[in-house]
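Presented below is the structure to which this report refers.
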Amino acid sequence: MTVQEPTRNRTVLVLLDPATEVRSSALELFTIARSLGRVEAVALEAPTVEVLAQLGAFGVETVHQAELPPSYTGDARHLPVVVGAALAAAVRRTDADVVLAPATFSAKEASALAARSLGAGLVIDAAGVREDAEGRVVATKRVFAGAWDTESRVTTELAVLTVRANAVVPEPAPAAVATEVEGFAVEVDAPAPTVVARTPKARTGGRPSLEEAAIVVAGGRGTDGDFGPVTELADALGAAVGASRDAVFEGWFDQYIGQTGVTIAPRLYIGAGISGAPHHRGGMQASQVIVAVNNDPEAPIFEICDFAVVGDLAEVLPQAAAKIRAHRGE
Amino acid sequence: MRIVVPVKYVPDINADRRFEDCRVVRDPAEGSLNELDENALEAALRIVEALPDDERAASEVVALTVAPADGDLALRKAFQMGVDRGVRVTDDALAGSDYFGTTAALAAAVRKLEAEGTVDLVVTGMAALDGLGSVVPALLAAELGRPALTLAKKVAVDAGTLTVTRETDDATEELSAPLPAVLSVADTANTPRFPNFKLIMAARTKQIEAWSLADLDVEAASVGTAGARTETTSATPRPPRPEVEVVQDKGEGGTALAEFLIRNELV
Ligand SMILES: Cc1cc2nc3c(=O)[nH]c(=O)nc-3n(C[C@H](O)[C@H](O)[C@H](O)COP(=O)(O)OP(=O)(O)OC[C@H]3O[C@@H](n4cnc5c(N)ncnc54)[C@H](O)[C@@H]3O)c2cc1C
């Protein structure tokens, strides 16, 4: 894919939270940002040297690092009211035209709060962002469990958008730049809750995160509690592991895919022992290729998949994993 | 304790949800109360039920919707769960509202309720299953000048302080704030109750209070299509997926799956 050249001289601010690692969702946002204008980032903490090198490679000219009031420098800096205030202050400072943020719940709230205080148009969960002939920002969205595509045009000067993972393939800039870091003062005047405790989630070492993975293998009630075959296939494919809500409610896994869980749109989704309830489909139906393994030939998930295996997942998944490992020469 | 629960009537997730002229088709026969609002109603009712008798008797849970007349179906369901009052804000000018227009109307209605006495808590669900934006609770809190404690999976109210546990994408957090506040609850927060016969009967005769924008001092031009900052320019159904390839596992299903992935360069 070649990144489209912007037709206007825009400044695009990308939310980078945390700033101690660059997730693939951030790399996607930088890639989209370059197609719209000059790319800058907003951070709530100092980016590390490694992070700055990656930002440079993706064409990020400047990182605006928020200097927060003392009561917000700790765990409270990740609160949406704080991040939203930082985004709004950064827009005022840079006169930015577009703000892009990832599609996490916190980033959605922060983006909405910034858009509110700046009078900007807001699009949540864009699956693609482009400019139209008049230079307005246009976002595509997948709605109604992936059954419809809509396009929305932002009619205000400033456009604020959160973008789903796997919207584009991240691509470094043609030429790297030297990224500068500039501090700027942020005031937080909206009432904020107190953060009594915060335990960061360990990002599972070897496996990619569910939100960002290109391949996801998910297990449901049909695993009957044994996620061994699911993780075995996931590891053979270098995939993330996911689940249905029922499997999570049973305590078999910790993250579920769906309308109220994580929304994903990977290149490949494999669902095993998952019936394909509408709530689940709403979170994965936009996947490029869908494979389902289910012992019930009438399972609704078969209606929306590209490849179906009618069989027992405990047999099918390990066999598939072995074949894939053999193919890879392991 | 006075609690307001904003609720929404949405097209049923199992129905044929569709657009016409870039607008969502509202078919009253194929809609329901947004399921995630049931978690909000449940949370609100439990907070009141946990109060000492005297405070409980003086408490009120109000379900609030911004919708055309079909919004009554959402309020009726809320009555069946046990809320005391139902308010519907209806105005032709509200059609086509974006997140900010909807929030402005909700906030104005909360302020009007506040004129009768303090509204201690606004409790919402985590999202509406049609739009799935999940930003209205935070916007409503900003509009009302109250702290937002969103996506709670555990909720406690004690001596005027709200404490929640929540899962964000990055962390598990415990947040607290003094009331008044805005709370949104995740679908993991509770299991909504089934309406009992007595409440179902009582819900039939409960009066719904209907307010217009004029009652709320909201300018028509600031909401609806007129005030919206985004416009939907197209809505198209996605093409159906190509024919599904089905393999019946007779001992080689896993190998067939792997070969499909290899053939399609997914490995
Ligand atoms: C408000 C609300 C929100 C919700 N949000 C979500 C959400 O975000 N995500 C979500 O996933 N769910 C959600 N749900 C729940 C959803 O409606 C379904 O109940 C759930 O997705 C079902 O999970 P499942 O497919 O694992 O289980 P089931 O529906 O029980 O399906 C299990 C499947 O496994 C198959 N099976 C059994 N044994 C085997 C075997 N040995 N090998 C192969 N196949 C086998 C069965 O044939 C069956 O099809 C929500 C529900 C509500 C009310």
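Just so it is clear: chains get the letters A, B, ... in the order the sequence lines come, proteins before strands, and each one is counted from 1. Please read these numbers as outputs of a predicted model, since none were measured by experiment.
No part of B:Ala141 comes within reach of chain A, as not one of its non-hydrogen atoms sits under 4.5 angstrom from that chain. When heavy atoms are compared at a cutoff of 4.5 Å, A:Ala192 approaches chain B solely by way of its backbone atoms N, CA, C and O. Using a 4.5 Å cut-off between heavy atoms, A:Gln285 contacts chain B through its backbone alone, with no side-chain atom that close. Looking at A:Val293, the atoms closer than 4.5 Å to chain B (heavy atoms on both sides) all sit in the side chain, from C-beta outward. Residue contact with chain B, scored on non-hydrogen atoms closer than 4.5 Å, involves the backbone and the side chain of A:Val309 alike. Only the side chain of A:Leu237 comes within contact range of chain B, with heavy atoms under 4.5 Å apart. Both the backbone and the side chain of B:Arg17 come within contact range of chain A, judged by heavy atoms closer than 4.5 Å. With a 4.5 Å cut-off on non-hydrogen atoms, A:Pro200 touches chain B through its backbone and its side chain both. At a 4.5 Å heavy-atom cutoff, the contact between B:Asp187 and chain A is made by backbone and side-chain atoms alike. Only the side chain of B:Ile262 comes within contact range of chain A, judged by heavy atoms closer than 4.5 Å. For A:Ala139, no part lies under 4.5 angstrom from a heavy atom of chain B. Proximity to chain A (any heavy atom under 4.5 Å) is shown, for B:Leu266, by both the backbone and the side chain. Only the side chain of B:Leu261 comes within contact range of chain A, with heavy atoms under 4.5 Å apart. Contacts of B:Val164 with chain A are absent, with no heavy-atom separation under 4.5 Å from either backbone or side chain. For A:Arg245, the part lying near chain B is the side chain, with the backbone staying farther off; criterion is any non-hydrogen pair under 4.5 Å. For a residue to count as touching a neighbouring chain, one of its non-hydrogen atoms must lie under 4.5 Å from one of that chain's; by this rule B:Ala127 does not touch chain A. At a 4.5 Å heavy-atom cutoff, the contact between B:Arg166 and chain A is made by side-chain atoms alone. For A:Gln255, no part lies near chain B; criterion is any non-hydrogen pair under 4.5 Å. Using a 4.5 Å cut-off between heavy atoms, B:Ala186 does not touch chain A at all. Both the backbone and the side chain of A:Val154 come within contact range of chain B, with heavy atoms under 4.5 Å apart. When heavy atoms are compared at a cutoff of 4.5 Å, A:Arg142 approaches chain B solely by way of its side chain, counted from C-beta outward. Heavy-atom distances place the side chain of A:Ile215, and not its backbone, under 4.5 Å from chain B. Both the backbone and the side chain of A:Ile290 have a heavy atom closer than 4.5 Å to some heavy atom of chain B.
Taking A:Thr260, A:Val248, A:Ile270, A:Val123 one by one and counting their heavy-atom pairs under 4.5 Å with chain B, the maximum is reached by A:Thr260. Heavy-atom pairs under 4.5 Å with chain B were tallied for A:Ser152, A:Gly121, A:Pro191, A:Pro80; the largest tally goes to A:Pro191. Here B:Ser234 is the residue among B:Ala258, B:Ala256, B:Ser234 with the most heavy-atom pairs under 4.5 Å with chain A. Heavy-atom pairs under 4.5 Å with chain B were tallied for A:Asp132, A:Leu268, A:Thr155; the largest tally goes to A:Thr155. Between chain B and the residues A:Asp125, A:Leu317, A:Ile304, the largest count of heavy-atom pairs under 4.5 Å involves A:Ile304. Between chain B and the residues A:Val81, A:Val316, A:Val195, the most heavy-atom pairs under 4.5 angstrom are made by A:Val316. Looking only at heavy-atom pairs under 4.5 Å with chain B, the residue among A:Val143, A:Asp189, A:Val291, A:Asp75 that has the most is A:Val291. The most heavy-atom pairs under 4.5 Å with chain A, out of B:Ala235, B:Ala148, B:Ala138, come from B:Ala235. Across B:Pro178, B:Gly251, B:Pro239, the residue that shares the most heavy-atom pairs under 4.5 angstrom with chain A is B:Gly251.
Between the side chain of A:Thr194 and the backbone N or O of B:Ala177, no donor-acceptor pair lies under 3.5 Å. Of the possible polar contacts, none joining the B:Arg111 side chain to the B:Leu216 backbone as a donor-acceptor pair under 3.5 Å is found.
Between A:Tyr256 and A:Phe249, the ring planes are perpendicular. Angles over 60° get that label, and only those under 30° would be called parallel.
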Applying salt bridge (Lys or Arg N to Asp or Glu O under 4.0 Å), run through B:Asp170 and A:Arg23 and close with a yes or a no. CA-CA 12 Å; B:Asp170 292 323; A:Arg23 298 182 179 161; 2.9 Å; yes
Go through the steps to decide whether B:Asp158 and B:Thr161 satisfy the test side chain to side chain contact (heavy atoms under 4.5 Å, CB included), and finish with yes or no. CA-CA 5 Å; B:Asp158 188 31; B:Thr161 299; 5.7 Å; no
Could you please spell out the steps behind the salt bridge (Lys or Arg N to Asp or Glu O under 4.0 Å) verdict for A:Glu151 and A:Arg130? CA-CA 10 Å; A:Glu151 282 202 313; A:Arg130 61 175 180 86; 2.9 Å; yes
Checking salt bridge (Lys or Arg N to Asp or Glu O under 4.0 Å) for the pair A:Lys141/A:Asp149: CA distance, chi angles, key distance, verdict? CA-CA 6 Å; A:Lys141 281 182 72 160; A:Asp149 280 336; over 6 Å; no
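The pair B:Glu265-A:Arg267 does not count as a salt bridge, with every side-chain nitrogen at least 4.0 angstrom from each carboxylate oxygen. Note on B:Lys77 versus B:Glu38: salt bridge recorded, some NZ/NE/NH1/NH2 to OD/OE distance being below 4.0 Å. Between B:Glu173 and B:Lys154 there is no salt bridge, since none of the side-chain N atoms of the basic residue sits less than 4.0 Å from a carboxylate O of the acidic one.
Contact of the A:Arg116 side chain with the B:Glu143 side chain is registered, since non-hydrogen atoms from C-beta on lie closer than 4.5 Å. At least one side-chain heavy atom of A:Val216 sits under 4.5 Å from a side-chain heavy atom of A:Leu210. A 4.5 Å side-chain heavy-atom check between B:Val119 and B:Leu121 finds every atom pair outside the cut-off. Between B:Val136 and B:Thr124 the shortest side-chain heavy-atom distance does not fall below 4.5 Å. At a threshold of 4.5 Å between non-hydrogen side-chain atoms, the residues A:Asp306 and B:Pro242 count as touching.
Take A:Phe302 and apply the ring pair (Phe, Tyr, Trp, His ring centres under 6.0 Å) test, not counting sequence neighbours, and it matches no residue.
When each of A:Arg325, A:Arg328, A:Lys323 is paired with B:Val267, the side chain to side chain contact (heavy atoms under 4.5 Å, CB included) condition holds for A:Arg328 and for no other. Just one residue in the list B:Thr150, B:Thr168, B:Leu151 forms a side chain to side chain contact (heavy atoms under 4.5 Å, CB included) with A:Ser106, and that residue is B:Thr168.
Residue B:Glu114 places its CD atom among more than 12 non-hydrogen atoms of other residues, nucleotides or ligands, all under 6.0 Å distant.
Looking only at atom types and distance, the side chain of B:Thr165 has no donor-acceptor partner in the side chain of B:Glu174 under 3.5 Å away.
Nearest heavy-atom pair across B:Met1 and B:Val157 is CE-CG1, 4.0 Å.
Residues of residues 101-110 of chain B lying under 4.5 angstrom from chain A, judged on non-hydrogen atoms, do not exist.
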